[in-house]
Structure formats: structure tokens, C-alpha cells
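Below is one structure, written out as C-alpha cells; comments come after it.
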Amino acid sequence: MIQLIDQFKHKERSQSEWLRQQKWFVKARQEAKHRNDAESKLADDVLATAIEVSIATHDQIKLFNEKLDTNHEASTAALIENQILLEDIARRILAVEGRLAPHWEHANIMDDGRRVFLNAERSQAYDEWGSEVGDDEYAYENFAADHRPVDSFLDALKERGSLRTEKENALDARQRIHEFEELTDAARDEASKEGVTQERLDELSAELEDFMPEEVAQHMPDYEPSQPAPDATAAFSRNASPSKSPPAVDTALNPLAP
């Protein structure tokens, strides 16, 4: 009797172990299926991405580099033009300084060290910056009878201030051209890397076009100057009576004294 009970328990344990193994096998098969499905989906995604993002061909990269060559040629032409402009400005500043030199020698000196000049009528005085000096600051009778009038001095002073502003603008333009050249070189380096896509080449082209200074754009083969906006006030100003007022001294230039 005891032997039968032991046999029954052994059989029951064998069946329980078999069921457990069957459950494990089903679970393992399901997990393997999930892994295969995930790997298959990943492979499909990679293939789809490869189709969507195409690697640039040799001809496409060559065409892109030709565009960069055109940019470089335009930049070089812009730099040459800029250098000619700067040299011309330097000559004009030197000429103005020559016209100002006699004024510096014959100026009256205020207590604070500023040089002052009278106009031809001896009714107004101006300092070396072009700012008007009131009679409460400096007595006009202190000027010698042979004092050089300030009128030509103010014209030369304003011209020098305009030339210095023009020089600053030219130097700013030169800096922009150099920065565009650096961006062009960086684009060429990126285009030479293995695996560059046509999409990236298009992005680089758009970036260069947006960053291109006007000074460079003027030397591009397809350059078209922008048309100025129409003057909406022209129709009204034709019938308006012009008002005459004496010219004002431009004190905003503030050119540096020598």
C-alpha cells in the first residue's frame, strides 16, 4: 500500500515538472518571436532611413565644390575692391588733415585745453570737435584780429568725420568677407568627409547663401541688384512749399582731434 502511494506521488511530481517545462518552453518561444520581430522592424527602419537619406554622389559633391569655387572668386574680387576703397579713403583723409593743419596752428586755447575757432563774422565760436562754444565759456574778444575764420575748418572737420565713418564701414565689410571665406572653407571640409549626404550639401548651400555679404554677392554671376522701394511721399512733396532754414553744424560726428 505504501509502495503504491509513493508511486502515485512520484507520478504526480513528474506530471507537474512536465507542465512547468511546457510553460517555460511556450514562454521562451514567445520571447524569441518578439526578439525576431523587433530585429526585423529595426532592419526595416534602417533600410527606410538609408533610402530616405541618400549619400551624395561624386558628381553632386563636384558640383557643390564648383559653387564654393565661385564663392571664393567673388570673395577675392570683393576684397580687392575693398582694399582699393580703403586706400582711397586714406588718401582723402590725408588731404583733409593737410587742410586742417593750419587751423590747429592758429587756434586759440581754452582753459581746459580745447582749441577754439571763430566764424568769419566773429559772432560764433566752435571747439576742435565742432561743438559751439558760448560767450560764457570763452570771450570772443580774446581772438586775435588775424584769427583764421572757422567756416572752412568746420567743412574740413565734417568731411574728416564722414571719411572716418566710411573707413569704419569698409573695415566692417572686410571682416564680413573674411568670415564668409572661413564659412566657405568649413563647408568644403565637411563636403570632403565620407558619407556626406545630398541633404547636408543643400543645407550648407542655404547657409552660405544666407550669410553671403552684399559686397560678395555683387560679384556673383547671377547677381541682381535689389530695386529701391518707391517713395510714397514723393506725390505729396511735389506740391509742398520748401522751407528754408540755415544749415546746422553737425556736432554728432565727433572726429578725433590730431
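- Annotation: Glu209, atom CD; neighbour count of heavy atoms from other residues, nucleotides and ligands within 6.0 Å does not exceed 12.
- Applying the salt bridge (Lys or Arg N to Asp or Glu O under 4.0 Å) definition to pairs two or more places apart or across chains, those involving residues 176-188 are Asp69-Arg188, Arg176-Glu215.
- Interatomic distance, CE of Met212 versus CD1 of Ile177, reported as 11.5 Å (0.5 Å rounding).
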Check residues 61-68 and write down every donor-acceptor pair under 3.5 Å in which the side-chain atom is one partner and the other belongs to a residue at least two apart or another chain.
from: Asn65; atom 1: ND2; to: Ile61; atom 2: O; distance (Å): 3.3

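- When hydrophobic clusters are built by joining Ile, Leu, Val, Met, Phe, Trp and Tyr residues whose side-chain heavy atoms come closer than 4.5 Å, directly or via intermediates, Ile89 is grouped together with Leu157.
- For Arg164 against Glu97, the heavy-atom pair with the smallest separation is NH2-OE2, 3.6 Å.
- Ile93 and Leu86 fall into different hydrophobic clusters, where Ile, Leu, Val, Met, Phe, Trp and Tyr side chains are chained together by heavy-atom contacts under 4.5 Å.
- In plain terms, the two heavy atoms of Glu214 and Tyr223 that are nearest each other are OE2-OH, 2.6 Å.
- With rounding to the nearest 0.5 angstrom, the OG atom of Ser131 is 9.5 Å from the CD atom of Glu137.
- Within the 4.5 Å cutoff, the side chain of Tyr138 has no heavy atoms near those of the Asp111 side chain.
- Taking all atoms of both residues into account, the shortest heavy-atom contact from Leu201 to Ala56 is CD1-CB, 3.8 Å.
- The two residues Phe117 and Arg115 come nearest to each other via the heavy atoms CE1-O, 4.0 Å.
- Taking the side chain as every heavy atom from C-beta outward, Glu203 and Glu190 never approach each other to under 4.5 Å.
- The pair Arg92-Asp88 meets the salt-bridge criterion, with a side-chain N (NZ, NE, NH1 or NH2) lying under 4.0 Å from an Asp/Glu carboxylate O.
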Only distances under 3.5 Å count here; give the side-chain donor-acceptor pairs of residues 72-83 to other protein atoms, sequence neighbours excluded, each with its distance to 0.1 Å.
from: Ser75; atom 1: OG; to: Asn71; atom 2: O; distance (Å): 2.9
from: Thr76; atom 1: OG1; to: His72; atom 2: O; distance (Å): 2.9
from: Asn82; atom 1: OD1; to: Arg174; atom 2: NH1; distance (Å): 3.0
from: Asn82; atom 1: ND2; to: Ala170; atom 2: O; distance (Å): 2.9
from: Gln83; atom 1: NE2; to: Glu87; atom 2: OE2; distance (Å): 3.2

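- In this structure, Ala156 and Leu100 approach most closely via the heavy-atom pair CB-CD2, 3.7 Å.
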Report task. Decide yes or no on side chain to side chain contact (heavy atoms under 4.5 Å, CB included) for Lys167 and Leu163, but give the supporting numbers first. Result -> CA-CA 6 Å; Lys167 179 180 179 181; Leu163 287 172; over 6 Å; no
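- Distance CG/Asp155 to CZ/Arg160: 13.5 Å, rounded to 0.5 Å.
- Cluster membership check: Phe211 shares its hydrophobic cluster with Val216, using side-chain heavy-atom separations under 4.5 Å among Ile, Leu, Val, Met, Phe, Trp and Tyr.
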